[in-house]
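The shown structure was predicted, so the numbers you read here are calculated from the model rather than taken from an experiment. Each chain gets a letter, A, B and so on, in the order the sequences are listed, and its residues count up from 1.
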Protein chains: 2
Amino acid sequence: MTSQDDSALDLAFLALADPVRRSIIARLSRGPATVNDLAEPFEISKQAVSKHIQVLEQAQLVTRSREAQRRPVHLNPARLEALTAWIDQYRLVREEQFRSLDAVLGSSAGQAAPKAKETK
Amino acid sequence: MTSQDDSALDLAFLALADPVRRSIIARLSRGPATVNDLAEPFEISKQAVSKHIQVLEQAQLVTRSREAQRRPVHLNPARLEALTAWIDQYRLVREEQFRSLDAVLGSSAGQAAPKAKETK
DNA sequence: AGGTTGATAAACAAAAGAGTTGATTACATG
DNA sequence: CATGTAATCAACTCTTTTGTTTATCAACCT
C-alpha cells in the first residue's frame, strides 16, 4: 500500500516539476482545453505538449474526455488535494513543534537544541 | 520575477518527486538529523543520501547548521507552505467553479458542459 | 471517396538524475 | 602528530526524460 502511494506521489510531484506542465495546470484551472489550445502559448511542438499531457494524465492530475475528434483535457482537483494533504501532514507537525518549543523556552529563539543522540 | 518563482518551484517539486527524499522530509518533521542518521534506513550509500540532501537544500526545503564536524539538517516548513499555496491557488479556483456550476444546474452532474469556445 | 483536422506513435539525439567507488577536507581526540 | 569520524568532491556508469522529425491514425466534412 505504501509503495503504491509512493509511486503515485512520485508521478504527481514529478509532473509538477516542470514549468510547461504547471502552466498547463494553470490554464486548465480556468476550464478544459484541447492539445492545440494548450500548445499555443509555448514554443515547443504539439507533440511535445501531447507528451506533457500524458505525464499529467499518468499522474492522474488531469483526465480526458472525447468530443468528436477532439480530446479535451480536464483538471482533476482531487489529485491536487492529495498533494496538499501529503505536504500538510509534515508542515503542520513541524509548526506544532515550534509552537510547543516556544512555550517551553518562553518564546526565545529555539533552534540549536542538540537533543539526546541515540545513534550507535 | 515569474521565471525566478518558476525555477524555485521546479526545484521544490522535483525534490519531492523521489521516495527517498520524501522519507527524509518525514524524518525531519520529527526533528533535525545528520546525514548518517538519515542514511541509516536506506540501502544506499551515504554519498547518495548526501546528494539527496543537497537537492533538498537547493530547493530550500531544508537548511543546515554546523556543530563540530556534524552538519545537522533541519526542515524548512515555510517552503512546504509555499508549495501548498501554489497548489491551492488552482485547486480552489476549480472547486469554486464546480460549486457555481452546481448552483446553475441545480446540483446535478456538472461535467460535460461544452462552454462557449472563444478560441481563435 | 478524398481531404482536412486533431492528436498520437516511433525512432532518435541530447541532457539530466540516481547511484557507485575512491580520494579528500574538516574536526576531535588519544 | 596520528587516527577515527562526519561529510563532501570527483569521475564514471546506467537509465530516464525531453524534444525533434517523420509518419500514422481516427473522426469529421463536403
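Rounded to an integer number of Å, the gap from A/R70 CZ to C/dT5 P is 12 Å. The CD-C1' distance, from A/E40 to C/dA7, rounds to 16 Å in whole Å. The distance between atom CG of A/L56 and atom P of C/dT8, rounded to the nearest whole Å, is 12 Å. Atom pair A/I24:CD1 and C/dA7:P shows a separation of 12 Å (rounding to whole Å applied). As rounded to whole Å, 13 Å separates atom P of D/dA7 from atom CD of B/Q54. Counting to the nearest Å, the P atom of C/dT20 and the CZ atom of B/F42 are 13 Å from each other. Atoms CD1 (B/I53) and C1' (C/dA18) sit 15 Å apart, rounded to a whole Å.
Residue A/L38 comes nearest to A/V73 through the heavy atom pair CD1-CG2, 4.1 Å, listed as atom of the first residue, atom of the second, then distance. Closest heavy-atom contact between A/L16 and B/F13: O-CD1, 3.5 Å. For the residue pair B/E67 and B/P72, the shortest heavy atom distance occurs at OE1-CG, 3.7 Å. Nearest heavy-atom pair across A/Q58 and A/L11 is O-CD1, 3.8 Å. Between A/A59 and A/A15, the shortest heavy-atom contact is CB-CB, 3.9 Å. In terms of heavy-atom proximity, A/Y90 sits nearest to B/S29 at CD2-OG, 3.4 Å.
Here A/L61 contributes atom CG and A/H74 contributes atom NE2; the two are 15.0 Å apart, rounded to the nearest 0.5 Å.
In this structure, A/S50 reaches the C/dT8 phosphate: one of its side-chain N or O atoms is under 4.0 Å from OP1 or OP2. In this model, the phosphate group of C/dA7 is approached by a side-chain N or O of A/N36 to a distance below 4.0 Å at OP1 or OP2.
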Exercise. Let me have a per-nucleotide readout for nucleotides 12-23 of chain D, 5' to 3', with B, S or -, counting only protein heavy atoms under 4.0 Å.
Key: ------SBBBBB

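The side-chain heavy atoms of A/T34 and A/R71, taken from C-beta on, include no pair separated by under 4.5 Å.
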Pairs under 3.5 angstrom, nitrogen or oxygen only, protein versus nucleotides 24-30 of chain D, please.
none

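Residue pairs meeting the ring pair (Phe, Tyr, Trp, His ring centres under 6.0 Å) criterion with at least one partner in residues 45-66 of chain B, sequence neighbours excluded, are absent.
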